[in-house]
2 protein chains.
Amino acid sequence: MERVTMADVAKEAGVSKSTVSQFLNNRFEYMGEKTKIKIEEAISKLGYQPNYIARSLKQKRTSMVGIIVANIMHRFSTEVSRAIEDFFHKHDLHAIVCNADDDPLKEKKYIEMLRAKQVDGLIIFPTGHNTDLYKSMIKEGYPVVFMDRKVSHLEAFSVVTDNLESTYQAIRELINRGNQKIAFAVQPLTISTRIERLEGYKKALLDSGFEINPDFVLEASISEMKKRLDKLFLLKDRPTALFAANDRVFLEVVEFLQIKGIKLGSEIDLIVFDNIPFAHLIESPISFIIQPAFEMGNKAAELLFDQINKTDAGPKEFVFPSKVLFR
Amino acid sequence: MERVTMADVAKEAGVSKSTVSQFLNNRFEYMGEKTKIKIEEAISKLGYQPNYIARSLKQKRTSMVGIIVANIMHRFSTEVSRAIEDFFHKHDLHAIVCNADDDPLKEKKYIEMLRAKQVDGLIIFPTGHNTDLYKSMIKEGYPVVFMDRKVSHLEAFSVVTDNLESTYQAIRELINRGNQKIAFAVQPLTISTRIERLEGYKKALLDSGFEINPDFVLEASISEMKKRLDKLFLLKDRPTALFAANDRVFLEVVEFLQIKGIKLGSEIDLIVFDNIPFAHLIESPISFIIQPAFEMGNKAAELLFDQINKTDAGPKEFVFPSKVLFR
DNA sequence: TTGAAAGCGCTAACAG
DNA sequence: CTGTTAGCGCTTTCAA
């Protein structure tokens, strides 16, 4: 396979390799009509397929960009990827998705392999644990856009949502609805989104004149979460509302409530920060904070595209507001 | 960027390019210990990163496989991709995902680009409209596995689920539960899964002594689906159960029922053939047919891996049973 | 145990 | 308007 090469086409058409190359790259300015036709015929006769590897070696471009998602099963990631794909498809670049699986080592491996494979740029949902690598890419001027999570102490192109602000609004609304006791469940504070959401929660409470009750802040890994919820609901002073900081936490919370037979709405208000598929089909009165994934993906793609073409200018950080959907 | 090349390392270490190459490929058999150390030092000093494009050009391998999903927003696709990724990660190959977006042209473009980029093999969720392309790949002996959908008249490696059988079981169960009037909603019958599911539906009805009521078979595009549902529910003889042939149809159905205020469970039984995220959180009495995505992905990866290594043998088609979850 | 040399298939000046 | 030439960065005989 991949037997026939440019040289074969050239011989078949009775021209030189470079003329064929011109043809392939649509440089028709100075090409004779007959030459063109001869080459066309030779190509289809031989079933010639260009070898882009060879071209890339020469051009040092691959017309390919990489997306490294933290978790391909995460709805937000797929929505963003879809938008990025759309953008680049329009601009004749190919987008490929790699799954870092929330594993810094895998992330590193994929970054290195994509760079070694000479992809023209990278959009990364950073695990946050490869700062040196991020830094070196940026220092080298390699096109990169960070998505969803901020990387501290790094002046880089990034597209995120207003985690703090949206959470703040949501918590304020819960308070306005009469909730005095609001709990907050989050995974370990290793990435910016979680930290900012927690800050929004705290700020809203303080601004409303409440204190932060440490018993109401559940910071735990997924495997620990149910235990922590159990403790929470054994308190004599049970919360009346619960904020799940992302979809995985949400899943644990709902499973927990189902097991315990705690009724959503009547016994507890639930709100989740994440894009949940089929969310609007869920009949329970759950509220959602939804990130504008398509807009964010599109902006990230645009930022990357401009870097690749050295036309980037203007601000580096874009913050998109999320939508708070109360029910 | 990508400034330092093998020649630089060679010069720095005071050896020749080929010795560095040997080193990089772990051919230590005849290499002196001091040489090894010198090269190691040179590499880290210069921060050398090998250029895999150049290597691939020579070796005609990229250690990269492609996954072309029909739709990256489809839960089943992401679950399968995740499993494939895991498998290849263990075997030191990289998996990249491309989104054909249910568009045969995009599919063709991605197949061609991935092949031109010399990926070592492809796992495809076929749109079904590029038969010639599929055929030529197989004829050339290029490693391919088809996933989810069958391609007719093609003896190829494929991994699918038992669409007909699972649907048959599900419909029989609905009948056993006393449903006499069961409707079936499906998108246009352009791919095998839809056709087989419809066949399962018909067979189950006939085997139970019912006739096929054409008014109860809604074959329509997503944009037409609600209209068709409207007509269906205006019949004096309303169905008591409805089968949604996949997640997109399911979405339309549930939205429709919500709009019309038709109550699930009491007024209509609903069953959907697809992996729905958070399905178990949906409190409405909806039944699901769930494909074993991880097992299927793993098997597909294995089949591709064996083809790449020319160790493929045994059967070419694998059919995995889906699980019917009644509620 | 290491190095020289010949490509892999294509592109990009520069001549002609 | 088309051909010659010189690589891109790496691998791989084959000699030394």
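The sequence lines fix the lettering, A, B, ..., with proteins before strands; numbering per chain opens at 1.
Of the two residues near DNA chain C, A/Q22 and A/M6, the one whose nearest nucleotide lies more 5' is A/M6.
What separates CZ of A/F23 from C1' of D/dC1 is a distance of 15 Å, to the nearest Å. Atom pair B/K60:NZ and D/dT12:P shows a separation of 11 Å (rounding to whole Å applied). Between the P atom of C/dC10 and the CG atom of A/L24 lies a distance of 8 Å, rounded to the nearest Å. Across the protein-nucleic acid pair, B/L57 atom CG and D/dT11 atom P stand 11 Å apart, rounded to whole Å. The CZ atom of B/R61 sits 16 Å away from the P atom of D/dC10 (whole-angstrom rounding). Distance A/N25 CG to D/dT2 C1': 16 Å, rounded to the nearest Å. Note: OH (B/Y52) to C1' (D/dC10) measures 12 Å, nearest angstrom. Between the CE atom of B/M31 and the P atom of C/dT1 there is a distance of 10 Å, rounded to whole Å.
In this model, the phosphate group of D/dC8 is not approached by any side-chain N or O of B/N51 to a distance below 4.0 Å at OP1 or OP2. Listed pair A/K17 / C/dA12 fails the phosphate criterion, with no side-chain N or O lying under 4.0 Å from OP1 or OP2. Between B/T5 and D/dC10 there is a side-chain polar atom (N or O) within less than 4.0 angstrom of OP1 or OP2. Applying the 4.0 Å criterion to OP1 and OP2 of C/dA5, one finds that B/S18 has every side-chain N and O outside that range. Dashed line: the shortest gap from a side-chain N or O of A/T19 to OP1 or OP2 of D/dG3 is under 4.0 Å. Phosphate contact (OP1/OP2 of D/dC10, side-chain N/O of B/Y48, threshold under 4.0 Å): present.
Side-chain atoms of A/T35 lie closest to D/dC1 of the nucleotides D/dC8, D/dC1, D/dC10. Taking the side chain of A/S16 as heavy atoms from C-beta on, and the options C/dG9, D/dC10, D/dG3, the nearest nucleotide is D/dG3. Relative to the side chain of B/Q59, the nucleotides C/dG9, D/dT11, C/dA12 differ in distance, and D/dT11 lies closest.
Judged by distance alone, with hydrogens and angles left aside, B/K58 brings a side-chain donor or acceptor within reach of the base of C/dG7, the pair sitting under 3.5 Å.
For the pair B/R82 and B/F294, the NZ or CZ position fails the cation-pi test of under 6.0 Å to the six-membered ring centre and within 45 degrees of the ring normal. Seen from the ring of A/F125, A/R149 does not count as a face-on cation partner, given the 6.0 Å and 45° thresholds.
Checked against a 6.0 Å centroid threshold, the rings of A/F88 and A/H94 do not count as neighbours. Aromatic rings from B/F305 and B/F87 are positioned such that their centres are separated by under 6.0 Å.
For the pair B/R75 and B/T78, the minimum side-chain heavy-atom distance is below 4.5 Å.
Nucleic acid contact class of B/V20 (heavy atoms, under 4.0 Å, all strands): none.
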